[in-house]
Amino acid sequence: MTHPISPVPEKPTPAMPETFQGLGIADNIMASLERMKFTKPSPIQHRCIPEGIEGKDLIGIAQTGTGKTLAFGIPMIQRLARYKGHGLVLLPTRELALQVDESFQRIGGPIGLRTAVLIGGEPIGKQKRQLFRNPHILIATPGRLIDHLEQGSVKLETVKILVLDEADRMLDMGFAPQINKILLKVPKERQTMLFSATMPVDIVKIATHHMKLPVRIEVAPQGTAATDVEQEIMIVGRDQKKSLLETLLKQYLGTILIFSRTKYGAKKICHGLAASGHKAAEIHSNRSLAQRKEALEGFKRGKYRILVATDIAARGIDVSNIEVVINFDLPDNTDDYVHRIGRTGRAGKKGRAISFATPQETDEIRRIERLIRKPLKVTRPTGLPATTPFARVEEDRPYGHSSASRGSSQGHRAPWKPSGNRGHSSSSSSSGGGWNRKPRSSKKW
Ligand code: AMP
């Protein structure tokens with residue numbers, strides 16, 4: 001039976017090209033790629049860019065870190081430059097919005113691309129001024145876009161290309177009503193590109209109702225964790241997590257991203273680390289947008305070696321050189337495991353993910369193993385008293401692969417390297433009408 005959202009059969013995957021040549025990318029965008037020193041397309045880029053440039057509707061099933069931003073960004077920027085009209089990228093979090101904007105500016109800034117980022121937690125007046133400059137592309141979280149629609153500061157009648165990024169996460173966060181409202185406001189005649197790490201039934205419904213014969217492009221089987229990430233589970237009593245964390249922080253000397261299940265937990269971990277002399281920052285929904293930006297920028301630039309995050313705040317964190325992701329708590333939602341570990345081992349780099357699990361969490365581990373379709377390595381933590389209950393738990397474990405890798409986490413010491421200093425994004429400006437006015441063409445476009 002044909003998949004309901006894949007009436008157009010997938011083309012056989014041609015061999016991965018070594019360059020961006022031959023994908024239909026315009027010369028001025030090729031020049032930006034060259035400046036960014038991106039020489040080889042990632043698999044999702046290789047598959048999506050030619051289809052996107054042809055104006056087809058796409059469903060990309062890809063996790064973060066696969067290069068999906070440019071997989072939709074290049075076609076969007078190129079088509080809008082050629083055919084006019086506006087672009088709208090809807091995504092779940094402010095952090096992801098800022099990072100998508102940064103990528104778009106790096107590619108499109110040199111050819112005159114103007115963007116506006118419409119996210120909560122920022123003064124709406126500043127965003128209205130950005131809109132007045134007639135940006136080509138809006139990058140928005142659903143809630144704030146609805147605020148602008150209600151206040152009349154934006155109209156979506158000229159949207160020619162719509163991207164729904166991290167669509168599964170938007171639905172998980174309860175944005176379905178806002179997305180439906182927005183979908184009613186954008187013209188039916190448009191190109192739609194939907195990206196999601198997983199493909200739950202609600203996403204299939206959106207695709208069936210709001211997309212035209214979308215081409216489905218999946219670069220890794222659904223739920224597959226980044227292949228370049230070495231993963232292990234450490235079984236640990238709740239009250240021993242802190243000392244295990246301290247041990248690991250001595251063992252791994254690079255950048256570390258720690259996940260906590262709750263915002264209170266994140267705050268507690270971060271304060272504990274700071275008190276013991278670590279350079280750590282926290283990112284969760286109890287922090288203001290300014291504090292979150294400062295934490296993320298500080299982490300990117302090497303001011304903080306450690307970032308402690310909750311799942312929602314961490315969406316879209318794009319920092320290269322994260323040496324280890326530590327799951328201080330297992331995620332409530334099993335899918336988040338894949339998103340979390342996708343933060344390390346990005347863009348072809350090797351990574352490592354270490355998850356703390358209590359002796360009671362065997363079911364959770366089994367669910368993760370089912371999702372990633374492979375058994376996880378269970379490691380006995382080093383540097384903790386031998387009286388801890390791990391041995392008993394390991395023997396009890398139903399997976400039958402528990403002791404294979406004891407102590408394997410040692411010997412992976414990397415010198416502390418601050419991550420690269422990235423260009424700061426900004427929505428460039430020029431004179432122009434505004435999103436609630438008739439669009440004007442701009443010089444370079
Ligand atoms: P994304 O999955 O879009 O968040 O991208 C993950 C990271 O890979 C980002 O830091 C991108 O800048 C980087 N990246 C994307 N495409 C390429 C490429 N073709 N070559 C090297 N790095 C890339």
Side-chain angles (χ1 to χ4, degrees), residues 16-25 29-50 52-53 58 60-78 89 91-109 115 137 139 163-169 193-198 217-220 224-229 255 257 296-297 299-301 314-323 325 338-351 418-425:
M16 271 290 293
E18 288 301 309
T19 72
F20 281 97
Q21 296 291 345
L23 301 183
I25 302 174
I29 294 182
M30 287 294 269
S32 294
L33 287 168
E34 225 165 88
R35 260 192 306 274
M36 292 160 77
K37 305 215 169 9
F38 287 1
T39 50
K40 191 178 164 190
S42 70
I44 190 87
Q45 291 166 356
H46 169 223
R47 305 277 310 281
C48 288
I49 290 172
I53 285 176
L58 297 182
I61 303 170
Q63 57 197 74
T64 54
T66 52
K68 67 184 169 59
T69 311
L70 293 185
F72 62 76
I74 289 175
M76 181 179 233
I77 293 169
Q78 181 160 326
V89 181
L91 30 68
T93 65
R94 309 155 185 189
E95 282 76 19
L96 183 59
L98 294 170
Q99 283 177 176
V100 167
D101 186 45
E102 184 178 321
S103 287
F104 276 28
Q105 284 300 329
R106 287 171 81 196
I107 285 287
T115 53
I137 297 175
I139 299 163
V163 169
L164 300 168
D165 190 16
E166 304 211 346
D168 50 350
R169 173 50 50 139
M193 294 185 265
L194 181 151
F195 284 78
S196 188
T198 55
I217 295 174
E218 187 166 354
V219 289
T224 301
T227 46
D228 266 348
V229 180
T255 35
L257 177 60
L296 198 52
E297 279 303 308
F299 186 55
K300 280 184 181 181
R301 291 172 197 277
R315 288 298 289 192
I317 286 179
D318 171 23
V319 179
S320 47
N321 297 334
I322 291 181
E323 187 190 1
V325 165
V338 178
H339 297 308
R340 286 178 175 193
I341 72 161
R343 316 280 126 198
T344 175
R346 308 200 89 185
K349 294 197 177 77
K350 277 270 171 222
S419 55
N421 195 351
R422 288 151 176 279
H424 202 75
S425 76

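Along the sequence shown, residues are numbered consecutively beginning with 1. Every number for a ligand or one of its atoms is a count from 1 in the order of the listing.
- With values rounded to the nearest 0.5 angstrom, Ile44 atom CD1 is found 9.5 Å from Lys68 atom NZ.
- In terms of N/O distances under 3.5 Å, ligand 1 is not approached by Leu70.
- When Lys37, Lys68, Glu102, Lys40 are checked for heavy-atom proximity to atom 18 (C) of ligand 1, Lys40 turns out nearest.
- Put simply, the residue from Leu194, Leu164, Val89 that forms a side-chain contact (heavy atoms from CB on, under 4.5 Å) with Phe72 is Val89.
- If you number the atoms of ligand 1 from 1 as listed, the ones under 4.0 Å from a heavy atom of Thr69 come out as 1 (P), 3 (O), 4 (O).
- Using modelled atom types, one finds a donor on one side chain and an acceptor on the other under 3.5 Å when comparing Arg35 with Ser32.
- Polar contact check, Gln45 against ligand 1: a nitrogen or oxygen pair lies under 3.5 Å apart.
- Residue Thr39 has no N or O atom closer than 3.5 Å to an N or O atom of ligand 1.
- Of the inter-residue distances, the one linking Ile74 atom CD1 with Ile25 atom CD1 reads 4.5 Å to the nearest 0.5 angstrom.
- At a 4.0 Å heavy-atom cut-off, ligand 1 does not touch Phe72 at all.
- Rounded to the nearest 0.5 Å, atoms CE (Met30) and CD1 (Ile107) are 10.5 Å apart.
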